Amino acid sequence: MPVPMVGRESALRELREAWARVRRTGRTVPAVITGLPGTGKSTLMAAAAPQGAIVGSARLHSPAPYDWLAAVLAGRDLGGLDVPGDALRWLAQDPDLPRERFTPDALLRIAVATVRALVGGAPRVLVVEDLHALDPASLNLIAELATADLPALLLVTSQPPDAAVSPLLTARTLARLSGVPGAVRHHLNGLDAAQVGQILDHVYAGSTLTPGLAEAVWRRTGGNPYRLTELLAVEGANGPAGLVPAPDLTAREREVLGLLAEGMSNKQIARALGISVRTVTVHVSNLLRKTGAASRTEAALMAIRAA
C-alpha cells in the first residue's frame, strides 16, 4: 500500500494554487522545495506536476555546462525549434561539436530562447530536480528563467546549498528564485511522531497498533519519509510487528518482562526474584526504554504477543 502524503498537504495545496495562477495569468511562478535527502521533495514535486511537464536534472557524470537543458533536450526532436542548429547541438552536449564556439552571454541568451521555444504559448511546468547538483551555467539559466516572462511554473527541488556542487552560486540562485514576487518556497523537515502514526494507521488499517509504536518507528527513522517507506516495505511487509526489532534484553530483564506479562506488581516481582523493589523499578525503566513501550502494561502486551 502506498504511503500517504502526510505532513505535506499545505505545500501540495500551495503548489497546485501556483499552477492555477500560471494558467490564469500566463506569468512565470517559481516554486522552490528544499530539504535534506529523503524528506520527500521528489514525491511532492511529482504530485504537484501535471502530465506533460518538461523535466530536467543533473546528469550522472561530472557536471557539464547546461546539464539541465541537455537533459531536457535528450531524445527530443529538435528540428522544429527556432534556434540556431549549432548552438542547439552545443546545448544538447553533442560530442562532435567544438566546445568554445559561443560566448557565455550568447549561450545564455540562446538557452533561454530554447526553453521559450520548448514551452511555446501554452502553460507548462518546468521541473528542475536537484538544483544543488547542477553546473554554474545551468544555475544561471534557471535564475534567468524565473524572470523570463514565460507561462510556466518553475518547479525546483534542492538540498541545502552546503551540499551543492557550487554552494555560493546555488545559494544565490535559490535567493533569486525565492525573491520573485509571488514565488512559492517550502523547506521540508522530517515528520513528527504523530505524523508517523497517521501513516502507520493508514498502512495497517484494521490492525491493532500499540500506543508506543509510532514513537519507536519515529525514533528509528528520524521521521525521514524515505527511510520510513523503506522500513514499511521491507521489515513491515508482513505486519507492524516487524517495524521495531526485538530489544536486546539481559537475562534479568527478560525475567522481569515475563513477570510483568503475568500481571505482577513491582513488589511481587521483587519477592519472586529475590531482589529489591528499587532494582525492579530500574529494570522496568530499562524495559520501557528498550522496547519503546509507553507503559508497563504495553510492555507486558508486547511480551505476550511475542510469546
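Quick caveat, the model's predicted, so the values are computed rather than measured.
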Look only at the side chain of E14 and the backbone of A11, and say whether a donor-acceptor pair between them is shorter than 3.5 Å.
no
Checking side-chain polar atoms at under 3.5 Å, does S138 have a donor or acceptor matched by the opposite partner on D135?
yes
Donor-acceptor list for residues 250-257 side chains, cut-off 3.5 Å, not counting sequence neighbours:
residue, atom, partner, partner atom, Å
T250, OG1, E253, N, 3.1
T250, OG1, E253, OE1, 3.4
R252, NH1, E255, OE1, 2.9
E253, OE1, T250, N, 2.9
E253, OE1, K290, NZ, 2.9
E253, OE2, K290, NZ, 3.4
R254, NH1, L249, O, 2.7

Is there a side-chain contact between W19 and V22 (heavy atoms, below 4.5 Å)?
yes
Does M264 belong to the same Ile/Leu/Val/Met/Phe/Trp/Tyr cluster as L260, with side-chain heavy atoms less than 4.5 Å apart forming each link?
yes
May I ask you to decide if P37's main-chain N or O and N224's side chain share a donor-acceptor pair within less than 3.5 Å?
yes
Looking only at heavy atoms, which two atoms of V128 and I142 are closest? And how far apart?
CG2-CD1, 3.6 Å
Among D86, V72, T114, side chain to side chain contact (heavy atoms under 4.5 Å, CB included) partner for L91
T114
Is it the case that the side chains of T170 and H132 hold a donor-acceptor pair, with the cut-off being a distance below 3.5 Å and no angle test?
no
Please report the shortest heavy-atom distance between H186 and S10, naming the atom on each side.
NE2-O, 4.5 Å
Derivation of the salt bridge (charged side-chain N to carboxylate O under 4.0 Å, His left out) call for R220 and E235:
CA-CA 12 Å; R220 189 174 182 193; E235 297 182 44; 2.8 Å; yes
Taking C-beta and beyond as the side chain, do Q159 and L36 meet within less than 4.5 Å on heavy atoms?
no
Under 6.0 Å from the CZ atom of R278, do we count more than 12 heavy atoms belonging to anything else shown?
no
For the backbone of S265 and the side chain of Q268, can you confirm whether one donor and one acceptor N or O come within less than 3.5 Å of each other?
yes
Enclosure of R23 CZ (heavy-atom neighbours >12, cutoff 6.0 Å):
no
Closest approach of G236 and L243, non-hydrogen atoms and distance?
CA-CD2, 3.6 Å
R227 side chain to T221 backbone, donor-acceptor under 3.5 Å
yes
Measure the spacing between CG of L126 and CG of L69 and express it to the nearest 0.5 Å.
10.5 Å
Would you mind checking if E17 and R21 are paired as a salt bridge, meaning a charged N to carboxylate O distance below 4.0 Å?
no
Using the side-chain contact (heavy atoms from CB on, under 4.5 Å) criterion, which residues pair with S178? Sequence neighbours excluded.
V32, R185
Which value, rounded to the nearest 0.5 Å, describes the distance between I54 atom CD1 and W68 atom CH2?
7.0 Å
Heavy-atom pair with the smallest gap, counting every atom of Y66 and L107
OH-C, 3.7 Å
Where do T34 and H187 come nearest, in terms of heavy atoms and distance?
OG1-ND1, 2.8 Å
Side-chain contact test, heavy atoms from C-beta onward, threshold under 4.5 Å: evaluate it for L134 versus L141 and give yes or no.
no
How many angstroms lie between CE in M45 and CG in L12, if you round to the nearest 0.5 Å?
12.5 Å
Can you check whether D67 reaches Q93 side chain to side chain, under 4.5 Å on heavy atoms?
yes
Check this for me: R27, atom CZ, are more than 12 non-hydrogen atoms of other residues, nucleotides or ligands nearer than 6.0 Å?
no
Within-4.5 Å side-chain heavy-atom neighbours: V280 and L259:
no
One pair to check against salt bridge (charged side-chain N to carboxylate O under 4.0 Å, His left out): R13 and E9. What are the steps and the verdict?
CA-CA 6 Å; R13 182 169 55 253; E9 299 91 344; over 6 Å; no
For residues I199 and D201, determine if any side-chain heavy atom of one lies less than 4.5 Å from a side-chain heavy atom of the other.
no
If you take all heavy atoms of T28 and A146, which pair is closest and at what distance?
CG2-O, 3.7 Å
Would you say V127 and L154 make side-chain contact, with heavy atoms under 4.5 Å?
no
When you measure from the side chain of K41 to the backbone of G35, do you find a donor-acceptor pair of N or O atoms at a distance under 3.5 Å?
yes
When you measure from the side chain of R116 to the backbone N and O of A148, does any donor-acceptor pair fall under 3.5 Å?
yes
Do E262 and I269 come close enough that some side-chain heavy atom pair is under 4.5 Å?
no
Apply side-chain contact (heavy atoms from CB on, under 4.5 Å) to T43 and list each qualifying residue two or more places apart in sequence or on a separate chain.
M5
Neighbour count >12 (heavy atoms, 6.0 Å) for atom CG, D149:
yes
